[in-house]
There are 2 protein chains.
Amino acid sequence: MTSQGAGREETPARERGLHARLLASLGPSITAGEYPPGTVLRTEELASRYEVSRTVAREAVRVLESMHLVESRRRVGVTVLPPEEWDVYDPQVITWRLAGTDRGRQLRSLTVLRSAVEPVAARLAAELATPEECAGLTEHALGMVATSRGQQLENYLVHDVAFHRTVLRASRNEMFARLGDVVAAVLAGRTHHDVMFTDPRPEAVTLHVNVAEAVRERDGARAEAAMRTITEDAMAELDVLAP
Amino acid sequence: MTSQGAGREETPARERGLHARLLASLGPSITAGEYPPGTVLRTEELASRYEVSRTVAREAVRVLESMHLVESRRRVGVTVLPPEEWDVYDPQVITWRLAGTDRGRQLRSLTVLRSAVEPVAARLAAELATPEECAGLTEHALGMVATSRGQQLENYLVHDVAFHRTVLRASRNEMFARLGDVVAAVLAGRTHHDVMFTDPRPEAVTLHVNVAEAVRERDGARAEAAMRTITEDAMAELDVLAP
DNA sequence: CGGACACGAATTAGTCATACTTAATTGGGG
DNA sequence: CCCCAATTAAGTATGACTAATTCGTGTCCG
């Protein structure tokens, strides 16, 4: 490949491995609804369209199939499945949807999920957090305070993400902990896409400090309540931005 | 292949497609900790060990890689990743873990997740459920009442699962709705594995009726509270059974 | 004499082309 | 109306080749 311009279609192609590149092109296309449910793709067609071997096309299809984005049947082809079938918890699928036309719906689902999970995680964290985690929470809450004014949103975001990650991890529940990446994506999306220029609301910052305090004092109820307010604020914010 | 007995190793082999069979053998082995994190598999070795072609072995590895169960690197091989990396929300991974030695931990994680999600889902359902869904809830709650006595656990389970599925679906949140299968797996596991012979507690049945009533009356707070009690009972039950 | 760097050999995943098998659909003939 | 055969596209197998990465070795410099 002498990089003569061919193949610069729609994929950023930052992935390495042909199958990964194909996946990075097909996945977003499907989750964006570019191929409506019921659309039939043929591996051979995919192979020729993307200029890869059938082997590579098949591997990409296999992965899409494991995400329940498509279904592969003999004599029929690779059928795109309806969104209800998709593995909406797959981090890859979440990423694709957040990057595409489905962004609004995905953000809303995730925010509702956060509103369910994070308060409970905060209560568990109050019961189970290690001293190091307590210290980390305080540190990041203070970091949020310090960066909450004067257009330091990027630094604020770092502390915000770290704070929520720590809470989720401190809950000692592997499934909660796994949502750290998702929360990070949501928070990053808010900062980078929606309200880039307004400083965070002081009340929100205070609430994070409250959570950190409550966890340190092992006050599960208070930690849960404060976190619930945080997530409710996030939902309200979403309603304002995308009604 | 003259089916002369070779290949009847450890896989139930109910799956169709060689790669699916390989996956159904490798996946559970990995999630069960049979291959500790850091273990290196080579695709060629897998191919010969399972008597399939490298093509098939590679496709299975691709899927495992998309679940973050393994990582494939050139000149190294296919490395098993530590559990923290696994996509613990992947329904396949959940199924494998529920079937293997990790069952206890998985059940506990899922029950905690339920305790976070289902109450919120019940509140949303009270706000958003369609008349048909309200009717379905009542129907299944009554079904639970009718089957709660006299060793009809299988029928009871059907209504229980349908009830929780309906609540999750009625919340109008795609991510909540997707947990229907997970809840079904947890409930089925409890019935089939833990307390096969004791009738469900009457209080639990009443609580389901309460949820159905509250949803029908659009009383979000009451629906949430009742559901919260249900999930707290489930956690308590888990503590009794597996301390 | 010892260490660091560079180069090359070995290893293993990745890619490709091709030939063949299997299952499901479709349509024609009994 | 049912059954069978032709067709189609996925599934499997194989062999050859590419490419990246690690590791060992050897040389050059300090």
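Chain letters run A, B, ... following the sequence lines, proteins first and then strands; every chain starts at 1.
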Between OH of A/Tyr50 and C1' of C/dT15 the distance, given in whole Å, is 18 Å
C/dG14 P sits how many Å from A/Leu18 CG, rounded? 11 Å
Find out whether B/Thr147 and B/His159 are in side-chain contact, i.e. whether some heavy atom of one side chain is under 4.5 Å from a heavy atom of the other. yes
Without decimals, in angstroms, what is the distance between B/Glu71 CD and C/dG14 C1'? 15 Å
Can a donor-acceptor pair under 3.5 Å be found between the side-chain atoms of A/Arg74 and the base atoms of C/dT22? yes
C/dA13, D/dG15, D/dA13: which one has an atom nearest the side-chain heavy atoms of B/Arg54? D/dG15
Whole-Å distance, A/Leu46 CG to D/dA9 P, equals 13 Å
Taking the minimum atom-to-atom distance to the side chain of A/Glu59, which one of D/dT12, C/dT15, D/dG11 wins? C/dT15
Checking C/dT15, D/dT12, C/dA13 against the side chain of B/Arg42 (C-beta onward), the nearest is C/dA13
Out of curiosity, A/Leu26 CG to A/Glu34 CD, how far, rounded to the nearest 0.5 Å? 9.5 Å
Measure from CD on B/Glu44 to C1' on D/dG15 and round the result to the nearest Å. 11 Å
Please tell me whether A/Glu133 and A/Thr166 have a donor and an acceptor in their side chains that are separated by less than 3.5 angstrom. no
What nucleotide, of C/dT25, C/dA17, D/dA10, holds the atom closest to the side chain of A/Arg73? C/dT25
Residue A/Arg75, side-chain heavy atoms: nucleotide from D/dG11, C/dT26, C/dT15 that is nearest: C/dT26
What is the separation between atom CD on A/Glu51 and atom P on C/dT15, rounded to the nearest whole Å? 15 Å
Closest approach to the side chain of A/Arg58, judged atom by atom: which nucleotide of D/dT14, D/dG11, C/dT15 is it? D/dG11
From CG of B/Leu22 across to P of D/dT12 the rounded distance in Å is 10 Å
Nearest to the side chain of A/Val76, which nucleotide is it out of C/dA23, C/dG14, C/dT25? C/dT25
May I have the distance from A/Arg16 (atom CZ) to C/dA13 (atom P), rounded to whole angstrom? 15 Å
Under 4.0 Å from OP1 or OP2 of C/dT15: is there any side-chain N or O of A/His19 that close? yes
Look at A/Thr43 and D/dA9 and indicate whether a side-chain polar atom (N or O) is within less than 4.0 Å of OP1 or OP2. no
Side chains of B/Leu187 and B/Val183, heavy atoms from C-beta outward: is any pair under 4.5 Å? yes
Taking any heavy-atom pair under 4.0 Å as a contact, classify A/Thr55: base, sugar-phosphate, or nothing. base
Which distance, rounded to the nearest 0.5 Å, do you find between the CG of A/Leu64 and the CG of A/Asp87? 11.5 Å
